[in-house]
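Encoded as C-alpha coordinates, the structure appears first; notes follow it.
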Amino acid sequence: PEPTKNNHQKNFAMQYADDFTQIIISKFNSTIIQASRNQHKINVEEEIMKQNEFEKRWKIKTNVSKFTIINIGFYIAPTIVINNTPIPYVTHTKLLGLQLTRHNFYVKQIQQNTIRARTELKKLQRFRALKTKLKVRLYKALILPLLTYPVVPLNISSKTQIKKLQTIQNNAIRWITNEHYPIRCPIALRQEQLKIEPL
(Lines give C-alpha, C1' and ligand atoms only; values in the text may rest on other atoms or scores of the structure.)
Protein backbone atom coordinates (compact mmCIF):
# COMPACT_ATOMS: atom_id res chain seq x y z
CA PRO A 1 0.00 0.00 0.00
CA GLU A 2 1.06 3.59 -0.66
CA PRO A 3 2.26 5.25 2.58
CA THR A 4 0.55 8.49 3.63
CA LYS A 5 2.38 11.75 2.94
CA ASN A 6 0.90 15.15 3.74
CA ASN A 7 1.60 18.26 5.84
CA HIS A 8 1.30 16.25 9.06
CA GLN A 9 2.78 12.90 8.09
CA LYS A 10 5.72 11.68 6.06
CA ASN A 11 5.71 7.92 6.03
CA PHE A 12 7.89 5.41 4.21
CA ALA A 13 7.48 1.74 3.39
CA MET A 14 10.34 -0.61 2.50
CA GLN A 15 10.00 -4.21 1.41
CA TYR A 16 12.66 -6.80 0.65
CA ALA A 17 11.31 -10.26 -0.15
CA ASP A 18 9.01 -11.03 2.80
CA ASP A 19 10.49 -8.37 5.12
CA PHE A 20 8.37 -5.23 5.37
CA THR A 21 9.37 -2.07 7.26
CA GLN A 22 7.29 1.03 7.92
CA ILE A 23 8.78 4.35 9.01
CA ILE A 24 6.05 6.60 10.36
CA ILE A 25 6.92 10.25 10.98
CA SER A 26 4.48 12.75 12.50
CA LYS A 27 5.29 16.44 12.08
CA PHE A 28 4.18 19.07 14.58
CA ASN A 29 4.66 22.85 14.52
CA SER A 30 4.63 23.22 18.31
CA THR A 31 6.13 21.53 21.33
CA ILE A 32 5.11 17.89 21.65
CA ILE A 33 2.13 17.65 24.01
CA GLN A 34 -0.39 14.91 24.78
CA ALA A 35 -2.52 15.87 21.78
CA SER A 36 0.55 15.41 19.56
CA ARG A 37 1.21 11.98 21.05
CA ASN A 38 -2.39 10.95 20.47
CA GLN A 39 -2.27 12.10 16.85
CA HIS A 40 0.93 10.14 16.30
CA LYS A 41 -0.74 7.07 17.83
CA ILE A 42 -3.58 7.41 15.32
CA ASN A 43 -1.10 7.81 12.46
CA VAL A 44 0.82 4.69 13.45
CA GLU A 45 -2.29 2.56 13.91
CA GLU A 46 -3.74 3.68 10.57
CA GLU A 47 -0.54 2.83 8.68
CA ILE A 48 -0.27 -0.59 10.32
CA MET A 49 -3.92 -1.38 9.61
CA LYS A 50 -3.42 -0.27 6.01
CA GLN A 51 -0.63 -2.84 5.68
CA ASN A 52 -2.75 -5.50 7.41
CA GLU A 53 -5.60 -4.96 4.95
CA PHE A 54 -3.17 -5.23 2.05
CA GLU A 55 -1.83 -8.54 3.36
CA LYS A 56 -5.35 -9.92 3.90
CA ARG A 57 -6.33 -8.99 0.36
CA TRP A 58 -3.32 -10.81 -1.07
CA LYS A 59 -3.52 -13.68 1.44
CA ILE A 60 -0.12 -12.87 2.98
CA LYS A 61 0.38 -14.18 6.50
CA THR A 62 2.35 -11.93 8.86
CA ASN A 63 4.83 -13.51 11.25
CA VAL A 64 3.55 -11.90 14.44
CA SER A 65 6.60 -13.03 16.44
CA LYS A 66 8.78 -10.77 14.25
CA PHE A 67 6.42 -7.80 14.37
CA THR A 68 8.00 -5.09 16.53
CA ILE A 69 7.61 -1.35 17.07
CA ILE A 70 10.60 0.76 18.04
CA ASN A 71 9.95 4.32 19.16
CA ILE A 72 12.36 7.14 18.32
CA GLY A 73 11.48 10.67 19.37
CA PHE A 74 8.96 10.45 22.20
CA TYR A 75 10.40 9.64 25.61
CA ILE A 76 7.04 8.16 26.63
CA ALA A 77 5.13 6.96 23.60
CA PRO A 78 1.40 6.21 23.55
CA THR A 79 0.32 2.57 23.50
CA ILE A 80 -0.37 1.23 20.02
CA VAL A 81 -3.43 -1.01 19.77
CA ILE A 82 -4.02 -3.23 16.73
CA ASN A 83 -7.15 -5.41 16.54
CA ASN A 84 -7.82 -4.73 20.24
CA THR A 85 -4.32 -5.99 21.12
CA PRO A 86 -1.73 -3.63 22.68
CA ILE A 87 1.62 -3.86 20.89
CA PRO A 88 4.57 -3.31 23.25
CA TYR A 89 7.52 -1.17 22.18
CA VAL A 90 11.00 -2.62 21.95
CA THR A 91 14.34 -0.91 22.61
CA HIS A 92 16.24 -3.02 20.12
CA THR A 93 15.32 -4.56 16.76
CA LYS A 94 16.89 -5.80 13.54
CA LEU A 95 16.27 -4.84 9.92
CA LEU A 96 17.89 -7.12 7.31
CA GLY A 97 20.90 -7.65 9.56
CA LEU A 98 21.05 -4.02 10.67
CA GLN A 99 20.88 -3.54 14.44
CA LEU A 100 18.69 -0.62 15.55
CA THR A 101 18.42 0.62 19.12
CA ARG A 102 16.12 3.10 20.84
CA HIS A 103 19.12 5.23 21.85
CA ASN A 104 22.31 5.78 19.85
CA PHE A 105 20.70 4.15 16.80
CA TYR A 106 23.61 2.25 15.18
CA VAL A 107 26.22 2.08 17.95
CA LYS A 108 25.39 -1.55 18.68
CA GLN A 109 25.83 -2.43 15.01
CA ILE A 110 29.27 -0.78 14.88
CA GLN A 111 30.30 -2.63 18.04
CA GLN A 112 29.31 -5.97 16.51
CA ASN A 113 31.12 -5.20 13.25
CA THR A 114 34.26 -4.28 15.18
CA ILE A 115 34.23 -7.44 17.31
CA ARG A 116 33.64 -9.77 14.37
CA ALA A 117 36.30 -8.13 12.19
CA ARG A 118 38.87 -8.13 15.02
CA THR A 119 38.23 -11.82 15.68
CA GLU A 120 38.62 -12.69 12.00
CA LEU A 121 41.83 -10.67 11.74
CA LYS A 122 43.36 -12.62 14.63
CA LYS A 123 42.72 -15.84 12.70
CA LEU A 124 44.70 -14.46 9.77
CA GLN A 125 47.83 -13.76 11.82
CA ARG A 126 49.16 -17.25 11.07
CA PHE A 127 49.36 -16.34 7.38
CA ARG A 128 51.84 -13.53 7.97
CA ALA A 129 54.35 -15.11 5.55
CA LEU A 130 52.00 -14.94 2.56
CA LYS A 131 52.69 -12.60 -0.34
CA THR A 132 51.27 -9.09 -0.09
CA LYS A 133 48.79 -9.60 -2.95
CA LEU A 134 47.31 -12.68 -1.30
CA LYS A 135 47.00 -10.85 2.01
CA VAL A 136 45.15 -7.99 0.34
CA ARG A 137 42.74 -10.52 -1.17
CA LEU A 138 42.19 -12.13 2.21
CA TYR A 139 41.52 -8.73 3.76
CA LYS A 140 39.00 -7.77 1.08
CA ALA A 141 37.28 -11.15 1.19
CA LEU A 142 37.16 -11.76 4.96
CA ILE A 143 37.68 -8.50 6.87
CA LEU A 144 36.27 -5.67 4.76
CA PRO A 145 32.74 -7.17 4.47
CA LEU A 146 32.56 -7.45 8.26
CA LEU A 147 33.52 -3.80 8.63
CA THR A 148 31.13 -2.40 6.04
CA TYR A 149 28.00 -4.57 6.14
CA PRO A 150 25.38 -3.28 6.35
CA VAL A 151 26.44 -0.02 4.70
CA VAL A 152 23.78 2.30 6.14
CA PRO A 153 25.45 2.97 9.53
CA LEU A 154 28.68 4.08 7.87
CA ASN A 155 26.85 6.88 6.07
CA ILE A 156 25.39 8.42 9.21
CA SER A 157 27.59 7.17 12.05
CA SER A 158 29.69 9.52 14.15
CA LYS A 159 33.41 10.02 13.60
CA THR A 160 34.05 8.18 16.86
CA GLN A 161 32.26 5.06 15.62
CA ILE A 162 33.95 5.20 12.21
CA LYS A 163 37.32 5.49 13.97
CA LYS A 164 36.70 2.17 15.71
CA LEU A 165 36.25 0.48 12.35
CA GLN A 166 39.20 2.36 10.85
CA THR A 167 41.45 1.08 13.63
CA ILE A 168 40.69 -2.50 12.57
CA GLN A 169 41.45 -1.66 8.96
CA ASN A 170 44.73 -0.02 9.99
CA ASN A 171 45.71 -3.15 11.93
CA ALA A 172 44.92 -5.25 8.87
CA ILE A 173 47.14 -3.03 6.71
CA ARG A 174 50.00 -3.38 9.19
CA TRP A 175 49.50 -7.15 9.03
CA ILE A 176 49.58 -7.08 5.23
CA THR A 177 52.85 -5.12 5.19
CA ASN A 178 54.41 -7.02 8.16
CA GLU A 179 54.99 -3.82 10.11
CA HIS A 180 55.66 -3.82 13.83
CA TYR A 181 56.15 -1.13 16.47
CA PRO A 182 57.80 1.33 16.12
CA ILE A 183 56.00 2.11 12.85
CA ARG A 184 57.47 4.87 10.72
CA CYS A 185 55.40 4.73 7.52
CA PRO A 186 52.12 6.74 7.65
CA ILE A 187 48.96 4.65 7.26
CA ALA A 188 47.73 6.94 4.46
CA LEU A 189 50.79 6.04 2.38
CA ARG A 190 50.19 2.32 2.92
CA GLN A 191 46.55 2.72 1.91
CA GLU A 192 47.65 4.39 -1.32
CA GLN A 193 50.28 1.74 -2.04
CA LEU A 194 47.85 -1.15 -1.44
CA LYS A 195 44.93 0.67 -3.11
CA ILE A 196 42.78 0.29 -0.01
CA GLU A 197 40.35 3.14 0.57
CA PRO A 198 39.86 4.35 4.17
CA LEU A 199 36.44 3.74 5.67
Side-chain angles (χ1 to χ4, degrees), residues 1-6 8-28 32 37 39-83 85-120 140-166 168-169 199:
E2 188 68 23
T4 303
K5 291 185 180 180
N6 52 43
H8 305 291
Q9 295 186 64
K10 190 174 182 181
N11 305 325
F12 302 90
M14 297 176 290
Q15 185 166 6
Y16 182 82
D18 59 347
D19 286 320
F20 188 84
T21 300
Q22 291 173 290
I23 300 175
I24 302 168
I25 303 172
S26 298
K27 298 184 289 184
F28 306 106
I32 295 176
R37 300 176 194 273
Q39 184 58 51
H40 180 69
K41 167 185 167 69
I42 294 172
N43 295 346
V44 172
E45 291 175 350
E46 286 180 349
E47 290 299 306
I48 293 175
M49 288 305 299
K50 189 190 298 183
Q51 176 63 22
N52 287 351
E53 292 300 321
F54 174 83
E55 292 180 354
K56 285 180 182 178
R57 187 164 64 250
W58 291 96
K59 294 181 170 56
I60 301 172
K61 188 175 182 180
T62 301
N63 187 343
V64 181
S65 64
K66 290 186 176 181
F67 179 74
T68 57
I69 301 178
I70 185 168
N71 168 56
I72 299 172
F74 294 131
Y75 185 73
I76 301 177
T79 303
I80 303 300
V81 180
I82 304 297
N83 295 330
T85 303
I87 308 297
Y89 290 95
V90 298
T91 58
H92 169 261
T93 190
K94 185 183 291 186
L95 170 61
L96 297 176
L98 172 62
Q99 301 283 340
L100 297 170
T101 56
R102 169 73 175 82
H103 301 287
N104 299 323
F105 302 120
Y106 304 115
V107 170
K108 187 176 181 66
Q109 182 67 56
I110 298 295
Q111 290 174 343
Q112 287 195 352
N113 288 10
T114 302
I115 292 171
R116 287 186 298 171
R118 184 184 294 116
T119 302
E120 194 66 28
K140 291 183 176 180
L142 301 176
I143 306 299
L144 186 59
L146 297 178
L147 292 173
T148 57
Y149 177 82
V151 297
V152 177
L154 297 182
N155 297 335
I156 56 179
S157 296
S158 66
K159 291 182 180 180
T160 301
Q161 298 304 318
I162 296 296
K163 187 177 179 179
K164 293 179 182 179
L165 298 175
Q166 187 62 55
I168 303 298
Q169 186 195 72
L199 299 175

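Remember, predicted model here, so these are calculated numbers, not experimental data. Along the sequence shown, residues are numbered consecutively beginning with 1.
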| Partners of Ser158 by side chain to side chain donor-acceptor pair (under 3.5 Å), sequence neighbours excluded? | none

| Does the pair Asn113 and Leu165 meet the rule for a side chain to side chain contact (heavy atoms under 4.5 Å, CB included), with working shown? | CA-CA 8 Å; Asn113 288 10; Leu165 298 175; 4.0 Å; yes

| field | From Ile162 atom CD1 to Leu147 atom CG, the distance as rounded to the nearest 0.5 Å | value | 10.0 Å

| note | Residues at least two apart in sequence or cross-chain that pass salt bridge (charged side-chain N to carboxylate O under 4.0 Å, His left out) with Lys50, listed by chain then number, are Glu47

| field | Qualifying residues under salt bridge (charged side-chain N to carboxylate O under 4.0 Å, His left out), relative to Lys41, sequence neighbours excluded | value | Glu45

| message | How close do Ser26 and Asn43 get, counting heavy atoms only, and between which atoms? | response | OG-ND2, 2.9 Å

| All side chain to side chain donor-acceptor pair (under 3.5 Å) counterparts of Gln22, not counting sequence neighbours | none

| task | Please name the residue in the list Lys164, Lys163, Gln169 that meets the side chain to side chain donor-acceptor pair (under 3.5 Å) test with Gln166. | result | Gln169

| query | How long is the span from the CD1 atom in Ile25 to the NZ atom in Lys10, to the nearest 0.5 Å? | reply | 7.0 Å

| With sequence neighbours excluded, residues passing side chain to side chain donor-acceptor pair (under 3.5 Å) with Gln112 | none

| request: Please test Met49 against Asn52 for side chain to side chain contact (heavy atoms under 4.5 Å, CB included), starting from the C-alpha separation and ending with a verdict. | output: CA-CA 5 Å; Met49 288 305 299; Asn52 287 351; 3.8 Å; yes

| Minimum heavy-atom distance Gln51-Phe20, with the two atoms named | OE1-CZ, 3.0 Å

| remark: Looking only at heavy atoms, the pair that brings Pro3 and Ala13 closest together is CG-N, 4.1 Å

| message | If the condition is side chain to side chain donor-acceptor pair (under 3.5 Å), which residues does Lys56 pass it with, not counting sequence neighbours? | response | none

| task | Sequence neighbours left out, what passes side chain to side chain contact (heavy atoms under 4.5 Å, CB included) with Thr91? Give chain and number order. | result | Arg102

| request: Calculate, to the nearest 0.5 Å, the distance between atoms OG1 and NZ belonging to Thr101 and Lys94 respectively. | output: 13.5 Å

| request: Could you list the residues that satisfy side chain to side chain contact (heavy atoms under 4.5 Å, CB included) with Leu144, not counting sequence neighbours? | output: Tyr139, Thr148, Leu199

| said: For a quick test of reading the model, state the closest non-hydrogen atom pair linking Thr4 to Gln9 and the distance between them. | reply: CG2-NE2, 3.9 Å

| Step by step, would you call Phe12 with Thr21 a side chain to side chain contact (heavy atoms under 4.5 Å, CB included)? | CA-CA 8 Å; Phe12 302 90; Thr21 300; over 6 Å; no

| Looking at residues at least two apart in the chain, or sitting in another chain, which of them share a side chain to side chain contact (heavy atoms under 4.5 Å, CB included) with Ile69? | Ile48, Phe67, Ile80, Ile87, Tyr89

| request: For Thr93, enumerate each residue passing the side chain to side chain contact (heavy atoms under 4.5 Å, CB included) test, keeping only those at least two apart in sequence or located in another chain. | output: Thr68, Ile70, Val90, Leu100

| said: Checking the side chain of Asn11 only, and the main-chain atoms of Lys5 only, is there a donor and an acceptor separated by less than 3.5 Å? | reply: no

| task | Measure across Glu120 and Leu146 and return the closest heavy-atom pair with its distance rounded to 0.1 Å. | result | CB-CD1, 3.8 Å

| field | For Gln99 against Tyr106, the heavy-atom pair lying closest together | value | O-CD2, 3.8 Å

